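Working notes, beginning with the structure itself.
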Amino acid sequence: MIRMELAKMNLIPVFLTTEDLEVYYEGFSNKVLWPICHYRLSYAVFEKSYWLAYQKVNQYFCNIVLKQNITSKDELRVHDYQLMLLPQLLRQQRSDLTIGYFQHIPFPADEIFRFIPWRNELLKGLLGADLIAFHTYHNAPNFLNSCLNILGLSPKNNNVRCRDRCVQVEVFPMGIDFDKFEALSCSEVVLAKAEVLKDQYQNRKLILSIDRLDYSKGILERLSAYESLLQQYPELRNKVVLYMLVVPSRDNVTQYKLLRGEIDRMIGHINAVYGSDDWTPITYLYNSLPVEDLSALYIAADICLVTSLRDGMNLVCKDYIASKAQDYNGVLILSEFAGAAKELSETIQINPNAIEDIMQAMHLAIYMPKLERQQRMRSKLFFARLHEVKREQEASASRKMQGATLQKLIDKFQQA
Ligand SMILES: Nc1ncnc2c1ncn2[C@@H]1O[C@H](COP(=O)(O)OP(=O)(O)O[C@H]2O[C@H](CO)[C@@H](O)[C@H](O)[C@H]2O)[C@@H](O)[C@H]1O
Ligand SMILES: O=P(O)(O)OC[C@H](O)CO
C-alpha cells in the first residue's frame with residue numbers, strides 16, 4: 001500500500017526494522033555523526049554495534065538503488081550524513097555512475113572528525129562520489145584537511161585524487177522555495193490566521209523561534225537570554241511574548257530526552273516567576289504545525305530569533321524573510337554559527353554562547369525603528385531569493401553549469 005502510494009510520486013521506500021532504526025538511525029547517525037559534526041564530543045557514543053548497523057543499512061540502500069534501471073547517463077545524488085558510505089558502495093559496483101553527495105549538516109574540523117573510530121572508512125565512503133558539496137565555505141577546507149591529515153590524500157584546488165578518479169569539493173548554499181512562502185504570506189486564509197494571532201497577543205512584541213528539538217539549536221541559551229531580558233528590563237514585562245515552536249525530533253535518544261526535560265523546566269520557571277494573571281511570557285508548542293500555521297506565525301512575528309550553536313544552514317530564517325516579502329516588517333536575529341549567517345549580513349548577528357549578547361540583540365530588535373527594520377529586511381530578501389531552492393536545482397543539474405549560473409547571479413547582484 002505504502003509502496004503503491006509512493007510509486008505515484010516516483011518514490012521508492014527503503015523499509016528499516018525497529019532494530020535498524022535504533023542502532024543505525026538513533027545510534028550511529030544521531031549518537032555518533034550528529035554530535036561529532038555539531039562539535040558535541042561528549043555526547044558521542046562510539047558503539048561497535050552502531051557502526052555495524054550503519055554499514056548494513058548503507059549497503060541495503062545501495063542494493064535497492066542498483067536494482068533500479070540506472071544508466072550511465074543518470075546522475076545519482078546522495079543526501080546527508082546518514083548515507084556517507086553509499087557513494088563508495090555504489091562506485092564499487094558501478095564505476096560508470098555519476099554520483100553527487102550533499103551534506104546538510106556541518107563538516108567539522110579534521111581534529112574533531114578524527115575522534116570517530118571509523119573515520120577512514122567514512123571518508124573513503126564519501127570519496128566514492130564525483131562531487132561532494134556543503135552549504136558553506138568553511139566546511140570544504142574541513143573536509144579536505146580530513147582527507148589530507150587522516151587519509152594522507154593531498155587536495156589540489158578543491159580536488160582530491162583517488163587512484164584514477166578526481167573528486168571535486170564544492171559549496172552550494174541551499175535556499176528555500178521562496179515563492180511558496182511569499183505566496184502563503186498573501187493568502188487570505190493565512191492572513192486571517194495571522195490576525196487571530198496578533199489579536200491573541202494584543203499587539204505585544206512577538207518573538208518567534210521554530211526548530212526541531214535539538215541541542216544544536218541553542219534552545220536553552222535562548223531561554224536564559226529571554227529570562228535576562230525580563231530581569232534587566234522589567235518595563236518589557238507584559239509587552240513581549242516569546243513564542244517557541246519546538247518540533248519533536250529523535251525523542252528516543254538520551255540527550256534529546258534530557259533536553260526536553262530541561263526546556264520544560266526552564267519554561268515553567270520563567271512563566272511562573274515573571275508571568276501575571278493577564279500575561280504568560282512564553283507560549284510553548286511541542287508539535288508539528290501545518291505550513292499555513294507556520295506561515296501565519298512568520299507573518300505575525302515582529303522578531304525571529306535563531307540561536308543555533310551549530311547549523312549547516314538554517315532554513316527557518318529564510319522562511320521568515322520570504323514571509324516578509326510584502327511589508328519588510330520584521331527583524332531577524334541570527335546566530336553567527338548558522339550557515340545562513342554567511343549570506344545574511346544585514347541581520348543582527350549574535351554569538352549564542354554569549355547570553356548577554358542575545359539579550360541585547362532582543363532589546364535592540366524590540367526598539368528598532370520601522371524604517372531601519374524595512375531597510376535591513378529588503379537587503380536580506382535579495383539574498384534569500386538569490387539562493388532559492390529552484391534556482392539551486394537548475395544550477396546543480398549540470399556541474400559545469402554551476403559555476404557560471406552562480407557567477408551570473410553574483411554579477412547581477414553586483415550591478416544592482
Ligand atoms: N511543522 C512543520 N511542518 C513543515 N515544515 C516545518 C515544520 N517545522 C519546521 N519546518 C520546516 O523545516 C525546515 C527546517 O530546516 P532547518 O534548516 O531549520 O533545520 P534542520 O536541522 O531540520 O535541517 C538540516 O537540514 C537543513 C537543510 O539543509 C539545514 O539548513 C540544517 O542546518 C540541517 O540541520 C524549515 O524550512 C521549516 O520551515
Ligand atoms: O529529523 P531527522 O533525524 O530526519 O533529521 C533532520 C535533519 O534535516 C538532518 O539534516
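Both backbone and side-chain heavy atoms feed into the values below; hydrogens, waters and symmetry mates do not. Start at 1 and go down the list; that is how both ligands and their atoms are numbered. Keep in mind it's a predicted model, so treat the numbers as computed, not measured.
- A donor atom on one side chain and an acceptor atom on the other are not found under 3.5 Å apart for Asn157 and Asn159.
- Of the protein's heavy atoms, none falls inside 4.0 Å of atom 8 (O) of ligand 2.
- Counting heavy atoms only, Val316 comes closest to atom 18 (O) of ligand 1 of the residues Ile176, Leu294, Asp177, Val316.
- Salt-bridge formation is not detected for the pair Arg94/Asp74: no Lys NZ or Arg NE/NH1/NH2 atom is positioned less than 4.0 Å from an Asp or Glu carboxylate oxygen.
- Within a 4.0 Å radius of atom 23 (O) of ligand 1, the protein contributes no heavy atom.
- Residue-ligand proximity: Tyr298 is placed with a non-hydrogen atom under 4.0 Å from ligand 1.
- A salt bridge links Arg250 to Asp214: one of the charged nitrogens lies within less than 4.0 Å of a carboxylate oxygen.
- The side chain of Lys217, and not its backbone, has at least one atom closer than 4.0 Å to an atom of ligand 1 (non-hydrogen atoms only; side chain from C-beta on).
- Each of Leu223, Leu305, Leu285 was compared with Met244 under the side chain to side chain contact (heavy atoms under 4.5 Å, CB included) criterion, and only Leu223 meets it.
- Ligand 1 has His135 within reach: a non-hydrogen atom of the residue lies less than 4.0 Å from it.
- Ligand 1 has Trp34 within reach: a non-hydrogen atom of the residue lies less than 4.0 Å from it.
- Between Ile210 and ligand 1, a contact under 3.5 Å exists for no N or O pair.
- Distances from atom 2 (C) of ligand 1 to the protein include at least one heavy-atom value under 4.0 Å.
- If you run side chain to side chain contact (heavy atoms under 4.5 Å, CB included) between Leu153 and each of Asn149, Leu151, Ile150, only Leu151 comes through.
- Arg91 has a carboxylate O that lies under 4.0 Å from a charged side-chain N of Asp130, or vice versa, which qualifies the two as a salt bridge.
- The nearest non-hydrogen atom to atom 11 (C) of ligand 1, considering only Asn314, Ile105, Leu315, Asp319, comes from Asp319.
- Per-atom contact check: atom 32 (O) of ligand 1 touches the protein, criterion being a heavy-atom distance below 4.0 Å.
- Taking only nitrogen or oxygen atoms, main chain and side chain alike, Tyr25 reaches within less than 3.5 Å of ligand 2.
- For Val291, the heavy-atom gap to ligand 1 stays at 4.0 angstrom or more.
- Ion pairing between a basic and an acidic side chain is recognised when a charged N comes within 4.0 Å of a carboxylate O; Arg119 and Asp110 show no such pairing.
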Decide yes or no on ring pair (Phe, Tyr, Trp, His ring centres under 6.0 Å) for Tyr320 and Phe181, but give the supporting numbers first.
CA-CA 8 Å; Tyr320 180 65; Phe181 274 94; over 10 Å; no
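- Ranking the protein heavy atoms by distance from atom 8 (N) of ligand 1 puts Val247 CG2, 3.5 Å first.
- Looking only at protein heavy atoms, the nearest one to atom 6 (C) of ligand 2 is Arg250 NH2, 3.6 Å.
- Between Glu47 and Lys31 there is no salt bridge, since no side-chain N of the basic residue sits under 4.0 Å from a carboxylate O of the acidic one.
- Backbone and side-chain nitrogen or oxygen atoms of Phe181 are examined, and none is located within less than 3.5 angstrom of a nitrogen or oxygen of ligand 1.
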Please determine whether side chain to side chain donor-acceptor pair (under 3.5 Å) holds for the pair Asp20 and Tyr25, giving the CA-CA distance in whole Å, both sets of side-chain angles, and the decisive distance to 0.1 Å.
CA-CA 7 Å; Asp20 285 338; Tyr25 172 73; over 6 Å; no
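- The shortest N or O to N or O distance between Gly312 and ligand 1 is below 3.5 Å.
- Between Asp80 and ligand 2, an N or O atom pair is found at a separation short of 3.5 Å.
- Of the listed residues (Gln103, Arg212, Met174, His104), the one carrying the non-hydrogen atom nearest atom 25 (O) of ligand 1 is His104.
- Residue contacts with ligand 1, taken as heavy atom pairs separated by less than 4.0 Å, do not involve Phe102 at all.
- When Asp80, Leu122, Ile105 are each tested for a side chain to side chain contact (heavy atoms under 4.5 Å, CB included) with Leu33, only one passes: Leu122.
- For Tyr54, the ring-ring contact (aromatic ring centres under 6.0 Å, His included) partners two or more places apart in sequence, or in a different chain, are Tyr24, Phe28.
- Between Trp34 and ligand 2, no N or O atom pair is found at a separation short of 3.5 Å.
- Taking the charged nitrogens against the carboxylate oxygens, Glu121 and Lys124 have no contact shorter than 4.0 Å, which rules out a salt bridge.
- No close placement of the Phe102 and Phe172 rings is indicated, their centers lying 6.0 Å or farther apart.
- Shown in contact with Ile105 at under 4.0 Å from a heavy atom are these atoms of ligand 2, numbered in order with element: 10 (O).
- Residue Ser288 approaches ligand 1 through these ligand atoms, each under 4.0 Å from one of its heavy atoms: 1 (N), 2 (C).
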